[in-house]
**Student:** 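The structure is given below, and queries will be raised subsequently.
A note on names: the letters A, B, ... follow the listed sequences, proteins ahead of strands, and every chain is numbered from 1. Small disclaimer: the values here were computed from a predicted structure and weren't measured.
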There are 4 protein chains.
Amino acid sequence: MGVLDRKNRDRLLRKTDILKAAEHIFALKGYDKTTIQDIAGKAQYATGTVYLYFKDKNDLYCSLLEEKLKALLVKIKEKIGQSEDAKEKLDIFLEKEIEFFRENKDFFRILVSETNGPRFDIGLRISKSCVFREYSEHVSALVKMAQQKGTIRNDLYPAQIADIFRSIFKSVIIDWLRNKPQKPGDAEKISRFILDIFLNGVGRKTKVISIV
Amino acid sequence: MGVLDRKNRDRLLRKTDILKAAEHIFALKGYDKTTIQDIAGKAQYATGTVYLYFKDKNDLYCSLLEEKLKALLVKIKEKIGQSEDAKEKLDIFLEKEIEFFRENKDFFRILVSETNGPRFDIGLRISKSCVFREYSEHVSALVKMAQQKGTIRNDLYPAQIADIFRSIFKSVIIDWLRNKPQKPGDAEKISRFILDIFLNGVGRKTKVISIV
Amino acid sequence: MGVLDRKNRDRLLRKTDILKAAEHIFALKGYDKTTIQDIAGKAQYATGTVYLYFKDKNDLYCSLLEEKLKALLVKIKEKIGQSEDAKEKLDIFLEKEIEFFRENKDFFRILVSETNGPRFDIGLRISKSCVFREYSEHVSALVKMAQQKGTIRNDLYPAQIADIFRSIFKSVIIDWLRNKPQKPGDAEKISRFILDIFLNGVGRKTKVISIV
Amino acid sequence: MGVLDRKNRDRLLRKTDILKAAEHIFALKGYDKTTIQDIAGKAQYATGTVYLYFKDKNDLYCSLLEEKLKALLVKIKEKIGQSEDAKEKLDIFLEKEIEFFRENKDFFRILVSETNGPRFDIGLRISKSCVFREYSEHVSALVKMAQQKGTIRNDLYPAQIADIFRSIFKSVIIDWLRNKPQKPGDAEKISRFILDIFLNGVGRKTKVISIV
DNA sequence: CATGAATGAGTGTTCATTCAT
DNA sequence: GATGAATGAACACTCATTCAT
């Protein structure tokens, strides 16, 4: 059993090595311009080794997305359950994603280039992924809850609002990762900024009074 | 003169044939998976013919984007000058873009996949394009004006707001083109919807009183 | 008749135009790198026009060589008959060739690259040419006569001596055309130089006494 | 160590296979008409295999020339140092080259077609080669020494004499390889023949008395 | 299991040649 | 006859995938 364990552990280690290398190269060059040799070389393995762990190039790519998305989901779900407030949940969601993407810029790049807009299918190598669907539905569920709690207008389809939510998020994060120095407290600030725009829009208001 | 005219017209016709075919295939398969033979075949020409009108694959692709963007810009500028009101200008901008993209779904697909988020640079074959820059700046200028007129908060960078504006737009249009039947009056309705979300956000408000 | 004459003359004029352009381009780029469009363009004709005067690329190339060789032969034969002395004939031959090649550097280039050594057949597009054979035989005849008159050793095959003769010539002319400014009196001097080396070699002799 | 050795040896073997095939095809068809598929086919490899050993077609071609020239130089230098006499050195040089070219007719063909006359530059893919320069300079040095020792007239530029020397050599070898059956003792005889013509020319002399 | 050399189908691009105008 | 746009075969080179060691 110990032997099997080590085998499994070794196998996992190699897979992780390769995925890490793939992440970097795919982010740098995009799917088509990336070669398996690039990845194998970066991971310090032989070309053929990659095929011991992944069926083909596409499988490697999708596995990469799945693994990372899964990790992102775990991170999000972990904290988000601790709050009951809808707005707070959205806030936590944003903060966790921001943290995650700051630590995984390459993955962010890939994800952005992969999801050319939400649920869009040009070359959507990812679309069949259960994790991706789970991720999408998780955001939709957040929105739905916020609608039920009165935080978000309920005259709109949750899925569409979720799309808009994520597209604003994407836009702001791209700007942040590209043009700003990333500082420790950023996650919180940016999260508030996005939520503000998402909930209140960018229109100029002098005063807003909630009557209810 | 008549002869030259006909020649030029013929030349233009062929170029347009090829561009039309290219638009379709590029939208369907993406840049890398598209072959010149695909395009030539679709346009009913021989492979070599494409090279009589375009230097190489990249030139064909960029020409396609430029031509379309130019047409889009013309369409937008035409009407937008007729209004003085900032909000109305944004509204016209949206309506015109919506109309254009409904008539040019393939181009929309390409544009979306090309601009993986605003000012993002993986494989930005388009980034050097003057027309694209002009387009970007035009949107920024719209936002800036709206800030000066008090329609949009002026505590934000115009370029960033423009990014957010376009990313909301993209998100909504993708949803519309993919999932809804496109009906005549849509442009107006969708434009209002986007503007509403953009300016007021999706937060639930019971009443808003502007004091000033 | 006059009409036919003009037609023929026109035809000849066009052929000459094309040949002149071809000469320049072939010399510049070599056979394979030269395109028919290059030549047509340089001659200010359309691509197809070339095919009205020459069957194909190879025909154009061979015609070019033939025409020029014919002209060279005419020039050589013209003067060479006026002398009876074998050495003088060789001298005239050299002078005339030198003059011709100074005025036809492009042709010289082509000829050199074509006849990679005498009677060698890698890609010898020329080898079937009657004129080329006539040219070769003419040189051989010169040598043969010089052998009979006692100017050249007669223990050697005339054709081989002719080869050596031409290869020395080629070597010296290449050097002259490439590295020296070409001056009026050169033909005579160079001719003497070549003949000297050809007949006497480059060995150092302190004194030579001819007894007979 | 043994493994690496075998790997290196295998690699060398393949390279040699390909070079051998390339040598044959290039000699047969010339650079431009030769395709990589030709070479790969002849060497019994797939097209792509060639690119494992050579960067591109030009690299293959140049490597071929370099390898062979290097081998030729080694062969020449080996024996030539053993003599002090200038004329003997020239003799050895010729003999060794003749032997080499008899064993490497294809290479000879390529070299001849590549060096369209000495220091001529149309398509000189070889000209940048250090080995080629070394080879040229080696011949010039031989001539220079022969001038100093009084074997060759010293009123001429060594480089030019070297050119003439090589062009006579080329002419004679072409004739020999093309038209004569190559017999064992040939190298010696031909070498003497070339030297004779080179030093004494082909003029008829009844008696030559050296006075000094 | 790991390797990396070998494979060969596939792509962008060129250009000799043809032919409708 | 002259044109030059159109053709499509051909070629250099790449790279995902396989498999003998």
**Student:** Would you indicate whether the side-chain heavy atoms of Glu66(A) and Phe132(A) approach each other to under 4.5 Å?
**Tutor:** no
**Student:** If you write DNA chain F from 5' to 3' in dot-bracket form, with Watson-Crick or G-U pairs under 3.5 Å, [ ] for crossing pairs and | for pairs with another strand, what do you get?
**Tutor:** .||||||||||||||||||||
**Student:** Measure from NZ on Lys57(B) to P on dG10(E) and round the result to the nearest Å.
**Tutor:** 15 Å
**Student:** In this structure, how many angstroms lie between the P atom of dA2(E) and the CG atom of Asp10(A), rounded?
**Tutor:** 9 Å
**Student:** Measure from CG on Asn58(B) to C1' on dT11(E) and round the result to the nearest Å.
**Tutor:** 15 Å
**Student:** State, to 0.1 Å, how close Leu69(D) and Val131(D) come at their nearest heavy-atom pair, and which atoms those are.
**Tutor:** CB-CG1, 3.7 Å
**Student:** Cationic tip of Lys57(D) within the cone over Tyr31(D)'s six-membered ring, i.e. under 6.0 Å and within 45° of the normal?
**Tutor:** yes
**Student:** Rounded to the nearest angstrom, tell me the gap between atom NZ in Lys33(A) and atom C1' in dA16(F).
**Tutor:** 17 Å
**Student:** The side chain of Leu52(D) is closest to which nucleotide in this list: dT7(F), dG4(F), dA6(E)?
**Tutor:** dA6(E)
**Student:** Hey, are Lys68(B) and Glu23(B) close enough for a salt bridge, meaning a charged N less than 4.0 Å from a carboxylate O?
**Tutor:** yes
**Student:** Could you state the atom-to-atom distance from CG of Asp32(B) to P of dA16(F) in whole Å?
**Tutor:** 11 Å
**Student:** Considering every strand and a 4.0 Å limit on heavy-atom distances, what is the contact class for Asp56(D): base, sugar-phosphate, or nothing?
**Tutor:** sugar-phosphate
**Student:** Taking the side chain from Asp56(C) and the backbone from Asp59(C), do they hold a donor-acceptor pair closer than 3.5 Å?
**Tutor:** yes
**Student:** Quick one: Lys7(B) NZ to dT21(E) P, roughly how many Å, whole number?
**Tutor:** 14 Å
**Student:** Does Asp10(B) use its side chain to pair, donor to acceptor, with the backbone of Lys7(B) at less than 3.5 Å?
**Tutor:** no
**Student:** Determine the minimum heavy-atom distance between Ala22(D) and Leu64(D), stating which atoms define it.
**Tutor:** C-CD2, 4.2 Å
**Student:** Select base, sugar-phosphate, or nothing to describe what Tyr53(C) touches, counting heavy atoms under 4.0 Å on all strands.
**Tutor:** sugar-phosphate
**Student:** Considering heavy-atom distances to DNA chain F, does Tyr51(A) or Val50(B) have its closest nucleotide positioned more toward the 5' end?
**Tutor:** Val50(B)
**Student:** Identify, residue by residue, the members of residues 35-46 of chain B with a heavy atom below 4.0 Å from DNA chain F, and return them in order of residue number, or none.
**Tutor:** Tyr45(B), Ala46(B)
**Student:** Using a heavy-atom cut-off of under 4.0 Å over every strand shown, decide if Arg14(B) touches base, sugar-phosphate, or nothing.
**Tutor:** sugar-phosphate
**Student:** Judged by modelled atom types alone, do Tyr45(D) and Arg14(D) share a side-chain donor-acceptor pair under 3.5 Å?
**Tutor:** yes
**Student:** Could you say whether Gly48(B) or Gly48(C) is positioned toward the 5' end of DNA chain E, judged by the nucleotide with the nearest heavy atom to each?
**Tutor:** Gly48(B)
**Student:** Think Thr47(D) has a side-chain N or O under 4.0 angstrom from the OP1 or OP2 of dG8(E)?
**Tutor:** no
**Student:** Taking Cys62(B) as the fixed residue, which of Leu65(B), Leu60(B), Asn58(B) is the one that meets the side-chain contact (heavy atoms from CB on, under 4.5 Å) rule?
**Tutor:** Asn58(B)
**Student:** Once you round it to whole Å, what is the distance between P of dT14(E) and CZ of Phe54(B)?
**Tutor:** 15 Å
**Student:** To the nearest angstrom, how far is Tyr61(D) atom OH from dC11(F) atom P?
**Tutor:** 18 Å
**Student:** Side chains of Tyr61(B) and Glu114(B): any donor to acceptor distance under 3.5 Å?
**Tutor:** yes
